[in-house]
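These notes are about the structure you will find just below.
These numbers come from the heavy atoms of this one structure, side chains and all, not from hydrogens, waters or symmetry mates.
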Amino acid sequence: MELRKIDDQITVAPQISVDDVAEIAKLGFKTLVANRPDQEEPGQPAMGDIEAAAREHGLEWVYLPVESGHITDDDVDRFAPMIRQAAKPVLAFCRSGTRCTVLWALSSARSQPAIDIVSKAGNAGYDIRGLAPRLAQQATREDS
């Protein structure tokens with residue numbers, strides 16, 4: 001399991017396994033967010049199995065699947081209130097962690113300076129400088 005901390009509220013990760021969930025709970029995470037569609041590729045763990053393990057270990061579970069490379073404003077509109085209201089800290093995962101980072105970045109652009117967002121993502125190993133136009137566009141939107 002490869003955890004990449006963005007800030008004190010959210011950490012992202014590439015695909016986790018059912019067996020990782022116990023460790024995630026031990027590390028103090030309160031909410032587990034899946035941004036990867038079930039059956040996106042052969043061999044990935046079933047989201048239902050990860051959900052069951054999350055609930056067994058006392059974690060809040062959020063299934064918010066987003067298509068890789070096609071994050072829409074509607075996806076951001078669903079992610080923003082969820083991440084704001086979720087019990088912290090949050091661990092979000094997808095195939096590589098990039099989708100989670102982009103969702104966080106775009107939703108955060110509504111309340112944080114883009115330079116801070118790009119820096120936090122970069123510190124976690126994600127180069128999102130190419131998102132500058134979308135970050136600027138999101139900065140003009142309000143959370144729903």
Side-chain angles (χ1 to χ4, degrees), residues 1-18 20-21 23-25 27-55 57-144:
M1 182 171 56
E2 180 184 337
L3 303 181
R4 297 181 176 192
K5 185 175 181 175
I6 292 177
D7 63 21
D8 289 339
Q9 296 188 12
I10 185 167
T11 297
V12 300
Q15 179 68 57
I16 63 166
S17 71
V18 172
D20 292 331
V21 176
E23 181 66 17
I24 289 165
L27 291 171
F29 290 99
K30 304 293 183 208
T31 302
L32 185 58
V33 178
N35 292 132
R36 188 173 194 195
D38 209 4
Q39 300 177 351
E40 183 176 55
E41 70 182 13
Q44 92 183 47
M47 292 301 159
D49 294 343
I50 295 174
E51 175 183 8
R55 295 190 188 286
H57 292 284
L59 296 168
E60 290 185 23
W61 168 257
V62 178
Y63 181 54
L64 191 70
V66 175
E67 185 180 345
S68 180
H70 299 284
I71 296 174
T72 67
D73 286 346
D74 287 341
D75 294 328
V76 178
D77 288 344
R78 289 183 300 136
F79 187 88
M82 178 280 301
I83 200 69
R84 188 175 56 249
Q85 297 164 10
K88 310 290 188 303
V90 171
L91 176 63
F93 72 92
C94 58
R95 187 185 62 76
S96 67
T98 302
R99 257 176 285 195
C100 304
T101 302
V102 171
L103 283 163
W104 164 81
L106 293 172
S107 66
S108 295
R110 298 174 180 184
S111 62
Q112 294 180 40
I115 193 164
D116 293 346
I117 294 166
V118 170
S119 176
K120 287 178 183 180
N123 289 340
Y126 297 97
D127 182 356
I128 62 166
R129 291 175 292 182
L131 281 180
R134 283 203 69 195
L135 292 171
Q137 179 258 342
Q138 288 296 320
T140 67
R141 296 176 58 109
E142 293 184 21
D143 279 337
S144 33

In the structure I gave you, are the side-chain heavy atoms of E40 and S68 within less than 4.5 Å of one another anywhere? yes

Check whether any side-chain heavy atom of M82 sits under 4.5 Å from a side-chain heavy atom of V90, and report yes or no. no

Look at the side chain of R99 and the backbone N and O of V66, then say whether any donor-acceptor pair between them is shorter than 3.5 Å. yes

Between K120 (side chain only) and K5 (backbone N and O only), is there a donor and an acceptor less than 3.5 Å apart? no

Determine whether V12 and Y126 make a side-chain contact, defined as any pair of heavy atoms from C-beta on separated by less than 4.5 Å. yes

Any idea which heavy atoms bring P133 and G130 closest together, and the distance? CD-O, 3.6 Å

So OG of S17 and CG of D49: to nearest 0.5 Å the spacing works out to 11.0 Å

So I24 and M1, do their side chains get closer than 4.5 Å, heavy atoms only? yes

Close side-chain approach of F29 to T11, heavy-atom, < 4.5 Å: yes

Test side-chain hydrogen bond (donor to acceptor under 3.5 Å, both in side chains) applied to Q138 and R110, step by step: CA-CA 6 Å; Q138 288 296 320; R110 298 174 180 184; 2.7 Å; yes

So Q9 and W104, side chain to side chain contact (heavy atoms under 4.5 Å, CB included) or not? Walk me through it. CA-CA 11 Å; Q9 296 188 12; W104 164 81; over 6 Å; no

Checking the side chain of N35 only, and the main-chain atoms of L64 only, is there a donor and an acceptor separated by less than 3.5 Å? yes

Would you indicate whether the side-chain heavy atoms of R134 and I71 approach each other to under 4.5 Å? yes

I16 CD1 to R36 CZ distance, which is reported to the nearest 0.5 Å: 11.5 Å

Using the rule given for side-chain hydrogen bond (donor to acceptor under 3.5 Å, both in side chains), can you reason through S119 versus D116, listing the C-alpha separation, both sets of side-chain angles and the distance that settles it, and then say yes or no? CA-CA 5 Å; S119 176; D116 293 346; over 6 Å; no

One should read off an interatomic distance between L59 CG and L91 CG, to the nearest 0.5 angstrom, of 9.0 Å

CD1 (I10) and OG1 (T31) are apart, to the nearest 0.5 Å, by 10.0 Å

Before you tell me yes or no, could you show the steps for T72 and R78 under side chain to side chain contact (heavy atoms under 4.5 Å, CB included), namely the whole-Å CA-CA distance, both residues' side-chain angles and the distance that decides it to 0.1 Å? CA-CA 10 Å; T72 67; R78 289 183 300 136; over 6 Å; no

pair L106-F79: side-chain heavy atoms closer than 4.5 Å: no

How about V118 and L135: do any of their side-chain heavy atoms sit closer than 4.5 Å? yes

All heavy atoms of A54 vs all of L32, minimum pair found to be CB-CD2, 4.0 Å

Between CD on residue Q39 and CD on residue Q44, distance to nearest 0.5 Å: 8.0 Å

Within this structure, what is the OG-CG distance for the pair S108 and L103, rounded to the nearest 0.5 Å? 10.0 Å

